[in-house]
A.B. asks: 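This structure is in structure tokens; I'll ask about it shortly.
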Amino acid sequence: MIRSQRFYHFLFSYILLVVLLLVAVSSVVHRSFFETLRSEVEESTVASLAQFRDAVDLRVQEMNRLASQLSANPQLMPYTATDGGYGSLQAVAELEQYLSTNLFINDVVLYYKKNGVPKLYAASGTYDMNLFFEDIYRYRNWSSSEFIRTADTLSTPFMRPVEPLSFNRVAEQRVATYMAPIPLNAEVPYGVALFLIREETLASLAKGVLTKSSGILFILNQKGEVIFRQESGVSEQTGDRLLGEIRKINGQYGIGQVSTNGREFSLLTQQSSLQDWSYAVALPNDQWMGKVSNIRGIFNTTVVAVFLIGVAMAIGFSIQHYRPLSRLAQIVSSQYRLGLFHKSGDEIDYISRAVGQLAEEKENLQHRLRSQSRALSEQVLISLIKGRLKTKAEIDDMLQFSNLSLDKPYYAVMLLRIDDYASFRKQNSGRMQELLTYGLIKAVEELSLEAGSGFGTEMIDGHGIVFLVSLNEGFDDPEVLRELAEKARSFFKQYFRLTVSIGLGGIYDEVASISRSYVEATHASRHRFVQGCDRVFSFDEIGPTQTNDYVYPVEWIDLLVKGIKQGNVSQVEQAVRGAFSHITEANISVEASECICFDIVNSTIKTVIELELELATALMKRCSNCSYPAARHG
């Protein structure tokens, strides 16, 4: 321990920390306590103001949503509500239902433009324009004519400041009025929705901002006008001066200081995330300064004691933290033999180098495991589709050591074949072919996540990619599988510039039936030979072929043989085209189509041999290995 650099690093670090803390606190004790207390109040006020802002924004959002619901309600359409009969009563009833579900709003009123005699439809009844503004809600600073001018030009929601009014010429109230055009965000609104909000309701949302201190709270609109104002222990004159200082901030978020009437105030402003409103609060600083004087005397008498205790704790912490580090270094040195460890050295540096080497070895091991896991999963997939795994025990044993997951209830096989595979191999190097094939597999696996999961691998012959799609509950619909295949086909064509033909097998709920689905997918993909490439073929959609009326194109084969013998190129071309037209028009099976094509090739070769003509070796090899004669030789 005495010879260790790390031990002294711990010890001097702890002692230096104690000294710096004591010096900093001792030099700025008054300011530190003042800032701490003010920060606590500011943080509390910031949280309270943010809560108030979010609450008001939420209520405004609810009113906008309610305005949208009003415009969508057929009972509140202008032609329904203004018929003067049952429609008006139904409109009032609908407004009562909306009002009963929202405790924030005191009343909701609808006004329809260009409706003959102006009327207002409220939750409390239907009123003429003059009756509403003269008797029901008599605003002190707002008349019916001013309301009509505002409503005719209103295109976005607008909040009037809290203002006095008399209800039924008796009760005096202070109410904020929120006006929203209906339909909301329409170019030409056909009406206006008014939401009346009592000042007490807004004050109840703001009760947490000024509970522990005196101050003043404002809500300002985008023009700097006061929508809502709440004071506590502050005169109206001081509040007006503070309002002027807040307006100078210009709605920017932040905390500032201002002095008025010999008192220091902290100003806090926040911006609404929904509309261009500002929320501001001003709090006096002097009401917390008394706490600083009480704590300052106690602090001065404890500085020395804290320093001594800090040094003792630094020694104890250094010893406590060094011992486990020393033991760990000894273990690493003895177990892994990564180099000679000296006690006079730095244990952390030694352990870091050891951990780095171990991490590198771990990364290499994980890379090897991932590669082997992928290969094993591909082998398991090939075994499943080929039907080599017969029993459930065999399947479970193989799945246990691979990352192939079959936890979904339904399974289906999808076979992708690159249409122009010869050009694909000719235009791309071997490495590029592997990268493109890997990209195709990953793309389908990502697309299959919409319905479940998928895992794919390249077939041994290299002409196709087979995918095992595991479907979730409720996705066992052939249309879901076809939609996935169509997305994959379009994706390849758009991003890989490749056309593929996709064969879809049936959907089964047993793992043992995966091989059957593969056989069906293979059979379905073969129909590209007859129906063309760049398509999706589903086994469920392939109907039985009428074989009773099948007529073999003998005349075209005979014409082909005669054309070869006569050396008539146009006659040979006519015979081949006629045979292919017979395939597409006669709606015969794939097997019969392949037989016809094989017969064309065989008849050609036989005739050429009979004429004792030589065939190119490459042509003979292609003919002998051809799986799709029409596709390759047509």
Side-chain angles (χ1 to χ4, degrees), residues 55-139 142 144 146-148 150-160 165-169 171 173 175-202 204-205 274-275:
V56 174
D57 287 350
L58 178 61
R59 300 304 186 277
V60 171
Q61 192 174 11
E62 290 177 354
M63 289 189 292
N64 291 337
R65 189 182 301 113
L66 181 56
S68 299
Q69 294 176 357
L70 294 176
S71 63
N73 192 332
Q75 302 296 334
L76 299 177
M77 292 295 176
Y79 60 83
T80 304
T82 60
D83 62 354
Y86 178 73
S88 300
L89 298 177
Q90 187 66 25
V92 172
E94 290 291 326
L95 292 176
E96 288 180 354
Q97 292 183 4
Y98 285 114
L99 183 62
S100 63
T101 59
N102 195 318
L103 301 179
F104 180 72
I105 303 172
N106 187 49
D107 200 355
V108 55
V109 184
L110 287 181
Y111 166 70
Y112 301 106
K113 302 177 184 179
K114 300 178 182 180
N115 192 35
V117 178
K119 286 184 176 294
L120 295 173
Y121 301 85
S124 56
T126 305
Y127 309 100
D128 292 334
M129 181 69 69
N130 294 330
L131 175 64
F132 183 85
F133 280 93
E134 294 295 333
D135 295 328
I136 306 303
Y137 290 103
R138 183 183 181 88
Y139 288 82
W142 201 28
S144 59
E146 292 174 337
F147 164 73
I148 293 176
T150 302
D152 290 340
T153 59
L154 186 66
S155 60
T156 58
F158 172 74
M159 172 77 88
R160 287 184 60 83
L165 58 79
S166 61
F167 178 66
N168 288 335
R169 289 185 175 270
Q173 299 179 0
V175 173
T177 306
Y178 187 78
M179 303 177 62
I182 53 174
L184 199 63
N185 300 325
E187 294 183 1
V188 183
Y190 62 77
V192 176
L194 280 73
F195 303 98
L196 279 66
I197 308 161
R198 290 183 179 178
E199 185 181 31
E200 293 83 357
T201 305
L202 291 172
S204 64
L205 297 178
L274 298 179
Q275 56 271 335

A.B. asks: Taking the side chain from S68 and the backbone from N64, do they hold a donor-acceptor pair closer than 3.5 Å?
C.D. replies: yes

A.B. asks: Under the side chain to side chain donor-acceptor pair (under 3.5 Å) rule, collect the residues that match up with E134, sequence neighbours excluded.
C.D. replies: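 Only R138 meet the side chain to side chain donor-acceptor pair (under 3.5 Å) criterion with E134.
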
A.B. asks: Check the pair L196, I105 against side chain to side chain contact (heavy atoms under 4.5 Å, CB included), reporting the backbone distance first and the verdict last.
C.D. replies: CA-CA 6 Å; L196 279 66; I105 303 172; 5.6 Å; no

A.B. asks: Minimum heavy-atom separation for L154 and K113, please, with both atom names.
C.D. replies: O-NZ, 4.5 Å

A.B. asks: Answer whether the closest heavy-atom distance between the side chains of F104 and L205 falls below 4.5 Å.
C.D. replies: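 Heavy-atom side-chain distance check passes, below 4.5 Å.
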
A.B. asks: Taking all atoms of both residues into account, what is the closest heavy-atom pair of L99 and A123, and its distance?
C.D. replies: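 Heavy atoms only, the tightest pair is CD2-CB, 3.6 Å.
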
A.B. asks: Which distance, rounded to the nearest 0.5 Å, do you find between the CG of L70 and the CE of M77?
C.D. replies: 10.0 Å

A.B. asks: Is any side-chain heavy atom of L184 closer than 4.5 Å to a side-chain heavy atom of P157?
C.D. replies: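 With C-beta onward as the side chain, the pair touches.
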
A.B. asks: Carefully, step by step, assess Y121 and Y112 under the rule ring pair (Phe, Tyr, Trp, His ring centres under 6.0 Å).
C.D. replies: CA-CA 9 Å; Y121 301 85; Y112 301 106; 5.6 Å; yes

A.B. asks: Check whether the side chains of N168 and Y137 place a donor and an acceptor atom closer than 3.5 Å, and report yes or no.
C.D. replies: no

A.B. asks: Rounded to the nearest 0.5 Å, how far does OG1 of T126 lie from CZ of F132?
C.D. replies: 11.5 Å

A.B. asks: Over all heavy atoms of both residues, which pair between T201 and I197 is shortest? Give the atoms and the distance, please.
C.D. replies: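 Closest pair (atom of T201, atom of I197, distance): CB-CG2, 4.2 Å.
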
A.B. asks: Measuring from I136:CD1 to L165:CG, what's the distance to the nearest 0.5 Å?
C.D. replies: 11.5 Å

A.B. asks: Going from CD on Q75 to CD on E94, what distance comes out if it is rounded to the nearest 0.5 angstrom?
C.D. replies: 5.5 Å

A.B. asks: Measure the CD-CG distance between E199 and N106 for me, rounded to the nearest 0.5 Å.
C.D. replies: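 Atom-to-atom, E199:CD and N106:CG are 13.0 Å apart.
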
A.B. asks: Backbone N or O of N130 within a donor-acceptor pair of the D128 side chain at under 3.5 Å?
C.D. replies: no

A.B. asks: Closest approach of D107 and S124, non-hydrogen atoms and distance?
C.D. replies: OD2-OG, 3.6 Å

A.B. asks: Quick check against the 3.5 Å criterion: does T150 have a side-chain atom that pairs as donor or acceptor with the backbone of E146?
C.D. replies: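 Checked: pair present.
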
A.B. asks: Do L95 and L76 come within less than 4.5 Å of each other through their side chains, counting heavy atoms only?
C.D. replies: yes

A.B. asks: Is there a side chain to side chain contact (heavy atoms under 4.5 Å, CB included) between V109 and F195? Walk through the geometry before answering.
C.D. replies: CA-CA 7 Å; V109 184; F195 303 98; over 6 Å; no

A.B. asks: Testing the basics here: between A67 and I182, what is the closest heavy-atom pair and its distance to 0.1 Å?
C.D. replies: O-CG2, 3.6 Å

A.B. asks: Can any side-chain N or O of K119 pair as donor or acceptor with the backbone N or O of M129 at less than 3.5 Å?
C.D. replies: no

A.B. asks: Please name the residue in the list Y127, Y111, W142 that meets the ring pair (Phe, Tyr, Trp, His ring centres under 6.0 Å) test with F133.
C.D. replies: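 When Y127, Y111, W142 are each tested with F133, the ring pair (Phe, Tyr, Trp, His ring centres under 6.0 Å) holds only for W142.
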
A.B. asks: Would you sort out whether V60 and M63 count as a side chain to side chain contact (heavy atoms under 4.5 Å, CB included), showing the intermediate values?
C.D. replies: CA-CA 5 Å; V60 171; M63 289 189 292; 4.1 Å; yes

A.B. asks: Establish, from distance only, whether the side-chain atoms of S71 and Y190 form a donor-acceptor pair under 3.5 Å.
C.D. replies: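 There is no such pair between these side chains.
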
A.B. asks: Step by step, work out the side chain to side chain contact (heavy atoms under 4.5 Å, CB included) result for F158 and T177.
C.D. replies: CA-CA 8 Å; F158 172 74; T177 306; over 6 Å; no

A.B. asks: How many angstroms lie between atom CD of E62 and atom OG1 of T101, to the nearest 0.5 angstrom?
C.D. replies: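 Going from the CD atom of E62 to the OG1 atom of T101 covers 9.5 Å.
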
